[in-house]
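Please read the structure below before turning to the comments.
Just so we're clear, the structure is a prediction, and the values are computed from it rather than from any experiment.
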Amino acid sequence: MDRTIDSILKIYYPFLAVIGVPVNLLAIVILSRGKCGLSTCTTRYLVAMAIMDLLLIITEIILWRIRYHYFPGSFLNITPVCSVNIVLLRAATDCSVWFTVTFTFDRFVAICCQKLKSKYCTKKTAAVVLATTCILLCSKNIPFYFRYEPGEIIDNVPWFCCTKPSYYTELGWVGFSMFNKFLTPLIPFILILLLNALTVRHILVASRVRKGLRGQSKGENHSDPEMESRRKSAILLFSISGSFILLWLVCILFYFNIGYHFDSDSFYVFQQVGYMLHNLSCCTNTFIYVVTQSKFREQFKSAVKYPVTSIIQLMNK
């Protein structure tokens with residue numbers, strides 16, 4: 001069974017990298033142009049999420065997963081290089097997850113808190129929130145550099161990253177490990193579920209009130225631009241946060257020891273499936289934008305067609 005899942009992983013991660021890098025780059029370019037009909041505030045959150053997803057693909061999928069399967073003896077296995085990469089991928093993972101939380105909270109405020117919306121849902125606030133979150137999470141992950149020791153030393157060069165035995169016994173490291181598990185992904189998981197539940201409740205209540213005021217409860221049919229705007233915002237919010245919840249669920253079960261009663265082969269499969277799903281989350285947001293945002297879809301089609309049309313024009317000349 002281990003060989004089967006390893007064979008799948010050797011195909012899965014290169015495929016994910018080939019798809020994930022260009023789609024996230026396209027998302028960054030398209031969203032940065034500001035022609036998708038989204039507010040500048042929303043755009044900043046989505047661009048930040050796409051950047052972190054791209055960094056996560058580079059650090060975890062390319063420099064960690066693909067390196068493990070295809071380049072086991074590369075310089076990336078030198079202990080200091082390996083340790084730095086782990087710090088970067090941990091920071092990218094935390095930022096990717098918590099940027100989803102900050103985006104969810106921003107949409108919650110925009111939909112449910114009209115008085116606070118004008119002050120909070122601005123591009124300046126978005127920049128401050130994203131920068132502060134990134135700095136704090138990057139700082140939090142610096143101790144991971146000191147978690148590892150060389151697996152072996154060859155010609156005075158330390159190779160591989162092996163977790164120090166003290167990581168499992170010293171009180172400080174044990175507390176740090178538990179703090180990390182709760183910070184990412186358990187607390188974000190709970191916050192996203194809670195904010196989405198409150199948003200759904202507000203939308204349902206507001207919809208009934210507005211229908212009553214506009215006479216729709218008596219069979220009249222009027223367009224409601226305000227509700228239509230909220231509906232589009234809610235669709236984008238629920239698609240992104242719902243994707244996060246589904247793709248991180250197995251990893252959350254794994255992080256909190258659900259599955260340890262399996263035999264070793266089954267547990268290994270359970271663990272790797274969790275990693276596969278949460279790494280897949282690096283590629284899903286762009287496709288969500290294509291499905292839910294018509295203007296983004298038009299920009300995406302134009303970007304995909306541009307190289308082909310350029311080649312055809314050059315050939316015709």
Side-chain angles (χ1 to χ4, degrees), residues 27 30-31 34-50 96-130 132-133 185-249 281 284-300:
I30 292 170
L31 291 167
K35 297 182 179 180
C36 298
L38 299 168
S39 67
T40 54
C41 174
T42 299
T43 299
R44 286 199 171 183
Y45 284 107
L46 298 185
V47 169
M49 290 161 63
S96 178
V97 170
W98 277 94
F99 283 178
T100 304
V101 177
T102 57
F103 167 73
T104 304
F105 182 75
D106 175 81
R107 291 301 85 200
F108 165 76
V109 171
I111 295 171
C112 304
C113 309
Q114 294 301 305
K115 292 182 179 179
L116 183 59
K117 178 181 177 181
S118 60
K119 295 181 179 180
Y120 184 83
C121 299
T122 64
K123 61 180 181 180
K124 182 179 180 180
T125 301
V128 171
V129 169
L130 291 168
T132 303
T133 302
L186 184 63
I187 293 176
F189 192 87
I190 294 171
L191 287 175
I192 288 173
L193 284 175
L194 176 62
L195 291 170
N196 280 338
L198 293 173
T199 303
V200 169
R201 179 178 175 275
H202 178 84
I203 291 173
L204 293 175
V205 172
S207 178
R208 285 197 294 267
V209 171
R210 292 180 71 88
K211 283 182 179 180
L213 292 174
R214 298 176 69 88
Q216 290 192 3
S217 59
K218 297 181 179 179
E220 299 179 21
N221 188 21
H222 301 284
S223 61
D224 190 339
E226 176 67 21
M227 289 306 297
E228 182 65 19
S229 175
R230 290 187 183 184
R231 185 185 69 84
K232 291 180 179 180
S233 184
I235 288 173
L236 179 62
L237 167 64
F238 297 150
S239 299
I240 292 174
S241 55
S243 171
F244 168 82
I245 289 168
L246 290 174
L247 294 176
W248 272 87
L249 182 59
S281 66
T284 54
N285 282 352
T286 302
F287 295 104
I288 289 172
Y289 307 151
V290 169
V291 173
T292 61
Q293 305 295 307
S294 57
K295 292 185 178 181
F296 182 92
R297 185 161 56 248
E298 292 171 5
Q299 295 286 322
F300 187 84

CD1 of Ile111 to CG of Leu198: how many Å apart, nearest 0.5 Å? 11.5 Å

With no hydrogens and no angle check, do the side chains of Ser243 and Thr284 hold a donor and an acceptor under 3.5 Å apart? yes

Just wondering, do Trp98 and Leu191 contact through their side chains at under 4.5 Å, heavy atoms? yes

Backbone of Thr102 reached by a side-chain donor or acceptor of Asp106 within 3.5 Å: no

Within this structure, what is the CE-CG distance for the pair Met49 and Asn285, rounded to the nearest 0.5 Å? 4.5 Å

Show the nearest heavy-atom pair for residues Lys295 and Lys35, with the distance to one decimal. CB-O, 4.0 Å

When rounded to the nearest 0.5 Å, the distance separating OG of Ser281 from CZ of Phe244 is 7.5 Å

Please report the shortest heavy-atom distance between Ala110 and Lys117, naming the atom on each side. O-CD, 3.6 Å

For the pair Thr199 and Arg107, evaluate side chain to side chain contact (heavy atoms under 4.5 Å, CB included) and give the outcome as yes or no after the intermediate values. CA-CA 9 Å; Thr199 303; Arg107 291 301 85 200; over 6 Å; no

Spacing of CG belonging to Leu236 relative to OG1 belonging to Thr292, to within rounding of 0.5 Å: 5.0 Å

Any idea which heavy atoms bring Gln293 and Lys232 closest together, and the distance? NE2-O, 4.3 Å

Does the side chain to side chain contact (heavy atoms under 4.5 Å, CB included) test come out yes or no for Tyr289 and Ile240, once each step is laid out? CA-CA 9 Å; Tyr289 307 151; Ile240 292 174; 3.7 Å; yes

Test item: Thr100 side-chain N/O and Ser96 main-chain N/O as donor-acceptor pair under 3.5 Å: yes

Could you check whether any side-chain heavy atom of Cys36 comes within less than 4.5 Å of a side-chain heavy atom of Ile30, counting everything from C-beta outward? yes

Take Thr125 and Cys121 through the test side chain to side chain contact (heavy atoms under 4.5 Å, CB included) and record every step on the way to the result. CA-CA 7 Å; Thr125 301; Cys121 299; over 6 Å; no

Working to the nearest 0.5 Å, report the span between OG of Ser39 and OH of Tyr45. 10.0 Å

Just how far is it from atom CZ of Phe296 to atom CG of Leu38, taken to the nearest 0.5 Å? 9.5 Å

Please step through side chain to side chain contact (heavy atoms under 4.5 Å, CB included) for the pair Thr42 and Phe103, ending with a clear verdict. CA-CA 7 Å; Thr42 299; Phe103 167 73; 3.9 Å; yes

